[in-house]
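Positions are given from 1 along the sequence.
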Amino acid sequence: MGKEEAGSRLDVFLASRFTYQSRSNWRKILEEGKILVQGKPVKPSYSIKEGDEILYLPGESFEPPIQTDFQILYEDPYYITVEKPGDIPIHSAGRYRKNNLTDLIQEDPRFEKIYTIHRLDRETSGVVIFGKDPESASKLSDLFSKRKIQKTYIAFVWGEFPARLKAKGFLISDPSSLIRKKRKFVHEDSFRKSDVPEEDYETSETIFRKIGEGTFQGIHFSKVYCLPKTGRLHQIRATLYSLGFPLLGDKIYGKDEGTFLEFIEGKDPDLIAKLGMNRQALHSSSLKFIHPFTGIKTKIRSNLPKDFPR
């Protein structure tokens with residue numbers, strides 16, 4: 001551990017750094033002796049020292065339940081496109097070792113092996129595409145990296161969104177947030193590279209268009225069409241939050257980040273009362289590209305899920 005972590009309680013540090021477990025869960029894991037510091041079990045209240053080596057021995061652990069009702073939208077000899085539900089991770093990570101979309105698809109005898117090409121956040125629903133072999137995955141990954149695939153999303157946000165808005169600028173870490181992985185969008189006209197380390201910012205560009213509005217759970221919302229020109233981590237969520245129109249249901253980028261801190265502490269906050277929904281209202285609605293093997297213009301669409309406002 002470095003100087004920044006020194007003096008922190010171990011359970012607090014683990015909950016803030018590794019958010020796939022709540023603080024209460026990390027405390028239980030520590031009490032079970034599954035985390036060693038300098039080779040020895042320690043209490044949750046242990047104060048971290050500079051140079052400490054922390055080892056996690058998870059063993060067999062409980063995996064959270066997930067939505068398994070995914071649908072196959074499109075399949076050909078090269079690709080499989082899936083309609084992802086709003087509560088399942090794409091791949092194995094954290095507590096989700098087997099409960100993830102990739103492993104579930106591979107349980108189907110039709111698909112011996114699939115290859116991840118792009119990713120969606122666990123709570124983002126909609127279109128996701130996998131390669132059936134390494135060459136197919138590589139060719140489509142190349143189209144993604146060269147921005148030759150048009151991705152569209154539908155978002156439901158708090159408030160009265162403008163008719164049209166273009167957000168071109170940079171994504172940086174949010175220094176005002178208590179959440180380590182939280183980012184914020186800064187418009188290109190307001191950004192000074194000299195103020196931010198080079199490794200801590202990325203260019204970002206998204207076009208937004210309002211396509212509807214209404215009331216849900218007593219909240220006035222806007223329905224927004226999102227066309228990301230770049231593909232950055234949390235790009236749409238962080239940009240909308242920074243523009244003053246956070247997603248309904250977003251624990252990190254929602255109306256109150258304290259809800260996320262309560263959530264990882266295991267306090268079971270009322271998500272609908274505080275955020276409007278139980279999960280973030282972001283849906284990958286379509287992918288459009290020139291098929292790298294057939295040359296055919298291909299567009300795959302996904303309808304809005306049932307838990308979204310109508």
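- Atom CG of L101 and atom CG of L120 lie 9.0 Å apart (nearest 0.5 Å).
- Not one N or O on the side chain of W158 forms a donor-acceptor pair closer than 3.5 Å with the backbone of G244.
- To the nearest 0.5 angstrom, E188 atom CD is 10.5 Å from T203 atom OG1.
- When each of E123, E262, E257 is paired with K251, the salt bridge (Lys or Arg N to Asp or Glu O under 4.0 Å) condition holds for E123 and for no other.
- Side chain of S125 to backbone of P85: no donor-acceptor contact under 3.5 angstrom is found.
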Check your understanding: What's the verdict on side chain to side chain contact (heavy atoms under 4.5 Å, CB included) for I72 and E83, showing C-alpha distance, side-chain angles and the deciding distance?
Key -> CA-CA 6 Å; I72 306 298; E83 186 173 67; over 6 Å; no
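- Both L247 and L165 sit in one connected hydrophobic cluster of ILVMFWY residues. Membership requires side-chain heavy atoms under 4.5 Å apart, directly or through other members.
- A donor and an acceptor atom, one from each side chain of S285 and S302, are nowhere located under 3.5 Å apart.
- When R110, Q106, E112 are each tested for a side chain to side chain contact (heavy atoms under 4.5 Å, CB included) with D108, only one passes: R110.
- Side-chain contact between Y115 and S136 is absent, with no heavy atoms from C-beta onward closer than 4.5 Å.
- Here the CZ atom belonging to F130 is positioned 4.5 Å from the CD1 atom belonging to I114, to the nearest 0.5 angstrom.
- Note on E205 versus K166: salt bridge recorded, some NZ/NE/NH1/NH2 to OD/OE distance being below 4.0 Å.
- Residue R9 holds its CZ atom at 9.5 Å from CG of L30, rounded to the nearest 0.5 Å.
- Atom-to-atom distance recorded for Q235:CD and S204:OG is 3.5 Å, nearest 0.5 angstrom.
- Not one N or O on the side chain of T239 forms a donor-acceptor pair closer than 3.5 Å with the backbone of I236.
- With hydrogens and angles ignored, the 3.5 Å screen pairs no side-chain donor or acceptor of S173 with any backbone N or O of R183.
- For an aromatic pair to be called close, the ring centres must be under 6.0 Å apart, and F191 with Y201 satisfies this.
- No more than 12 heavy atoms of other residues, nucleotides or ligands lie within 6.0 Å of CZ in R301, so this atom counts as exposed by the packing criterion.
- Taking the charged nitrogens against the carboxylate oxygens, K255 and D250 have no contact shorter than 4.0 Å, which rules out a salt bridge.
- At most 12 heavy atoms of other shown residues, nucleotides or ligands fall within 6.0 angstrom of atom NZ in K229.
- Between D87 and R122 there is a salt bridge, with a side-chain nitrogen of the basic residue lying less than 4.0 Å from a carboxylate oxygen of the acidic one.
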**Study point:** CA sep, side-chain torsions, deciding dist, call: H234, Y253, ring-ring contact (aromatic ring centres under 6.0 Å, His included)
**Key:** CA-CA 9 Å; H234 297 176; Y253 295 96; 5.4 Å; yes
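- Within a 6.0 Å radius of NZ in K274, other residues, nucleotides and ligands contribute more than 12 heavy atoms.
- To the nearest 0.5 angstrom, L55 atom CG is 11.0 Å from Q38 atom CD.
- Heavy-atom neighbours of E31 CD from other residues, nucleotides or ligands within 6.0 Å: above the threshold of 12.
- The main-chain N or O of A137 is found under 3.5 Å from a side-chain atom of S141 such that the two form a donor-acceptor pair.
- Annotation: salt bridge (Lys or Arg N to Asp or Glu O under 4.0 Å) contacts involving residues 215-225, sequence neighbours excluded, are absent.
- Remark: E5 engages R17 in a salt bridge, criterion side-chain N to carboxylate O under 4.0 Å.
- Using a cutoff of 4.0 Å between basic side-chain nitrogens and carboxylate oxygens, E160 and K210 are scored as salt-bridged.
- Under a 4.0 Å N-O distance rule, the pair D11/R27 qualifies as a salt bridge.
- Residue-environment remark: CG (D76) exceeds the threshold of 12 foreign heavy atoms within 6.0 Å.
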Exercise for review: Show your reasoning for whether ring-ring contact (aromatic ring centres under 6.0 Å, His included) applies to H187 and F170.
Suggested key: CA-CA 6 Å; H187 194 273; F170 299 86; 9.7 Å; no
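- Ring geometry for H291 versus Y78: interplanar angle over 60°, hence perpendicular rather than tilted (30 to 60°).
- Applying the side-chain hydrogen bond (donor to acceptor under 3.5 Å, both in side chains) test to R164 and every residue at least two apart in sequence or in another chain returns nothing.
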Practice item. Determine, step by step, whether F156 and F308 satisfy the ring-ring contact (aromatic ring centres under 6.0 Å, His included) criterion, reporting the C-alpha distance in whole Å, the side-chain angles of both residues, the deciding distance to 0.1 Å, and the verdict. Key: CA-CA 8 Å; F156 289 80; F308 273 31; 5.4 Å; yes
